[in-house]
J.: 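Structure provided below as C-alpha cells; questions to follow.
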There are 2 protein chains.
Amino acid sequence: MPPYDPSNFPPFAVTVDLVVLTVRRHALCALVVRRGETPFQGRWALPGGFVRADEDLGSAAARELVEETGLCAHDPARPAANGAHLEQLATYGDPARDPRMRVVSVAHLALAPDLPAPRAGGDANSARWAPVDDLLRPGTGREDEQATPLAFDHARILADGVERARSKIEYSSLATAFCPPEFTVGELRRVYEAVWGVVLDPRNFHRKVTGTPGFLVPSGGTTTRQGGRPAQLFRAGAATVLNPPMLRPEV
Amino acid sequence: MPPYDPSNFPPFAVTVDLVVLTVRRHALCALVVRRGETPFQGRWALPGGFVRADEDLGSAAARELVEETGLCAHDPARPAANGAHLEQLATYGDPARDPRMRVVSVAHLALAPDLPAPRAGGDANSARWAPVDDLLRPGTGREDEQATPLAFDHARILADGVERARSKIEYSSLATAFCPPEFTVGELRRVYEAVWGVVLDPRNFHRKVTGTPGFLVPSGGTTTRQGGRPAQLFRAGAATVLNPPMLRPEV
DNA sequence: ACAATAGTGTCTGTTAGACAATATACG
DNA sequence: CGTATATTGTCTAACAGACACTATTGT
C-alpha cells in the first residue's frame with residue numbers, strides 16, 4: 001500500500017480540449033485550429049489549453065470557448081442571446097498521448113448555432129469549421145491539406161463528442177442548442193438530419209416535436225426565410241428530456 | 001495569450017475514484033472505505049488512489065478495483081468468471097475539493113455481481129457495502145455512524161454514478177453485469193427493480209427481455225433457487241444496446 | 001391442497017412510420 | 001399557375017401495460 005501522501009504524487013499537466021459542434025450548410029461541423037508549434041506543428045487540432053491553478057474544469061472550458069469563438073457558455077438554462085451548450089465529455093490520459101510530458105485532458109462538448117466565422121487570436125487562417133465527416137474520414141486518398149489527421153488523440157476525442165451529440169439529441173431537447181433563439185420546425189428538423197446524416201419525414205417530425213409538451217413554445221411570429229409557406233417561429237421550451245424520445249432511424 | 005510551454009503548467013495531482021455498485025438483498029449498494037487519515041479522518045469515502053506516472057486512467061481504475069475487491073475489470077466482452085463492468089464516469093476538479101492541494105479525480109463506474117464481502121487491505125472494518133439510499137440521504141436525523149456524509153465531494157460522484165447506472169440499464173444490456181454468469185429472468189428483473197427502486201410486472205418483463213434478440217441466450221439448465229417452478233438459466237447475449245429500450249416506469 | 005415463482009396469451013391504448021391532402025408564401 | 005415549404009389528417013403495424021390463466025416446483 002503506497003502512503004497517501006499528496007506530496008509524492010507524479011507530476012501531471014491538466015488541460016481542457018473542446019469539441020465545438022455546429023451545423024453549417026446542412027453538415028455537422030467542428031471547430032479546429034491550426035497548431036503553430038511542435039509537436040504536430042501545422043496540423044489541425046481541437047482548441048484547448050491548460051487549466052489554471054485556481055480554476056474549475058468547467059470554468060476553464062468556458063474560458064477557452066470564449067477565447068476561441070466569443071460564445072458564452074450557458075449551462076443551467078437554455079441558450080439565451082449568445083449562449084452555447086457546454087458539458088463535460090470525457091477525460092483522456094494515455095501516458096503517451098503528448099510526447100512532451102504527462103498531460104491529462106478533460107474534454108468538453110459545446111454545441112453552438114451557426115456562427116459567422118471563427119476567430120482564433122484574430123488570425124483567420126488558423127481556425128475553421130470543418131465537416132466532421134472530413135475530419136474523421138480515415139485516409140481515403142483525399143488527403144489534401146484540409147483533411148490531414150488531427151493532432152494528438154483528437155480524432156478519438158472528436159469521434160466521442162460527435163457520438164455523444166448524436167445520441168443525446170435523441171432523448172433531450174439539446175438539438176435546439178444548434179438553433180438560433182427563434183427557429184422553425186423545419187430548421188430544427190434540418191439540425192436532426194445534419195447531425196444524424198439521415199432524411200426525416202417532415203410531417204411526422206412536425207407532429208412529434210409539436211406534440212411533445214415543453215419541447216417547443218410558439219413565439220408568435222412567422223418567417224419565410226426558407227421559402228414556401230410561412231412557418232411558425234418557436235423558442236426552446238422548458239423541457240430538457242424528451243419522453244418518449246426522438247427515434248434515430250436504423251442504418 | 002499564454003505561451004503553450006508545458007514546463008510552466010500548474011502542479012496537479014490526478015487520482016481515480018471508484019463508484020462500485022452491486023445489488024445486495026434487493027438494494028443497490030456501493031462500496032465505501034473508511035478513511036484512516038486527515039482530512040475527513042474516520043469518514044466513509046469512495047475507494048481510489050493516485051494515478052501512477054506511466055499508467056493509463058483506465059488501468060489505474062482497474063488496478064484500484066482489484067486492490068479493493070479482487071474483481072477483474074472486463075471492459076470489451078461481457079463479464080466472464082470474475083469480471084466486472086468498468087467505464088469512465090466523469091472528472092471532478094473543483095480547486096477546493098481537496099484541502100491539501102489541487103487534485104483532479106477521474107471517477108470510474110464499476111458494476112459487479114453480488115460478492116461475499118469486501119476486503120480492503122485485509123481490514124474487515126474498513127470497507128463495506130452500503131445501500132446508496134443511505135449514503136445519499138441528506139441529514140434525516142438517522143445520522144448514526146453508518147450514515148455520516150461521505151468525504152470530499154464523493155456524495156456528488158456517487159450520485160452521478162448511480163444516475164449513470166440507472167439510465168444506462170434502460171438502453172443497454174448492462175444490467176447483466178449485476179448478475180452472475182448464469183441467471184434467471186426473475187433475477188434479472190430483481191436487478192432492475194433494485195436499481196430503479198420500482199416494482200415491475202414479471203409477465204411483461206419476461207416477454208420483453210426474452211423477445212429482444214441477442215439480450216439473453218438460454219444456457220440449457222434450470223434452477224429452483226428462488227423457490228417455485230424451476231426457471232430457465234440464461235447468459236448475457238452479444239447485444240450491447242437494447243432497441244427498443246427497457247422503459248423505466250414514471251414516478 | 002396451498003404457496004410461490006415461471007411462463008404464455010389476450011386485450012387495449014398509444015405511437016411511429018407511411019403517405020394523402022390542404023394551406024400559404026414566392027416567382 | 002408552378003414550385004416550395006408548412007401543417008393537418010388518416011391508416012396500419014408494433015409495442016407497452018394491465019391482467020387472466022396455465023405450469024411446475026416445495027411444503
J.: A/Pro244 near the nucleic acid: base, sugar-phosphate alone, or nothing, with a heavy-atom cut-off under 4.0 Å?
T.: sugar-phosphate

J.: Which part of the nucleic acid, if any, lies within contact of B/Arg189, taking any heavy atom under 4.0 Å across all strands shown: a base, the sugar-phosphate backbone alone, or nothing?
T.: sugar-phosphate

J.: Quick check for you: to the nearest 0.5 Å, what is the distance between A/Phe205 atom CZ and A/Tyr192 atom OH?
T.: 6.0 Å

J.: Does D/dA6 have its OP1 or OP2 closer than 4.0 Å to a side-chain nitrogen or oxygen of A/Arg190?
T.: yes

J.: Using whole Å, what does the distance between atom C1' of nucleotide D/dT7 and atom CG of A/Leu188 come to?
T.: 16 Å

J.: If you assign B/Gly227 and B/Arg248 each to the DNA chain D nucleotide with the nearest heavy atom, which residue ends up on the more 5' nucleotide?
T.: B/Arg248

J.: Would you kindly give the CG-to-C1' distance between A/Leu242 and C/dA16, to the nearest whole Å?
T.: 15 Å

J.: So, are B/Arg248 and B/Glu163 salt-bridged, with charged N and O less than 4.0 Å apart?
T.: yes

J.: Can you measure A/Met246 atom CE to C/dA16 atom P for me and round it to whole angstrom units?
T.: 9 Å

J.: Starting the side chain at C-beta, find the nucleotide from C/dA20, D/dA20, C/dC26 nearest to B/Arg203.
T.: D/dA20

J.: Just compare D/dT25, C/dC26, C/dA18 and give me whichever is closest to any side-chain atom of A/Asn204.
T.: C/dA18

J.: What is the distance from CG of A/Leu233 to C1' of D/dT7, rounded to the nearest Å?
T.: 15 Å

J.: If you draw the axis of the six-membered ring of B/Trp44, does the NZ or CZ of B/Arg128 fall within 45° of it and under 6.0 Å from the ring centre?
T.: yes

J.: I need the minimum non-hydrogen distance between B/Val33 and B/Glu68, along with the two atoms involved.
T.: CG1-OE1, 3.8 Å

J.: Would you mind telling me which residue lines up with the more 5' stretch of DNA chain C, B/Gly228 or B/Phe234, judged by nearest nucleotide?
T.: B/Gly228

J.: Just how far, in rounded Å, is C1' of C/dA16 from CG of B/Asn243?
T.: 12 Å

J.: Let me know the distance between CG of B/Asp201 and P of C/dA6, rounded to the nearest Å.
T.: 13 Å

J.: Tell whether A/Arg207 reaches the base of C/dG17 with its side chain through a donor-acceptor pair below 3.5 angstrom.
T.: yes

J.: Considering only NZ, NE, NH1 and NH2 on the basic side and carboxylate oxygens on the acidic side, decide whether B/Arg156 and B/Asp153 come within less than 4.0 Å.
T.: no

J.: Over how many whole Å does the gap from B/Leu247 atom CG to C/dT14 atom P extend?
T.: 16 Å

J.: Nearest of C/dA23, D/dG17, C/dA6 to any side-chain atom of B/Ala231?
T.: C/dA6

J.: Would you say B/Lys208 places a side-chain N or O within less than 4.0 Å of OP1 or OP2 belonging to D/dA16?
T.: yes

J.: Rounded to whole Å, please give me the gap between CD in A/Gln232 and P in D/dT5.
T.: 19 Å

J.: Relative to the 5' end of DNA chain D, which residue comes earlier, B/Thr224 or B/Arg229, by the nucleotide with the nearest heavy atom?
T.: B/Arg229

J.: Counting only side-chain N and O atoms of A/His206, is one of them less than 4.0 Å from OP1 or OP2 of D/dT7?
T.: yes

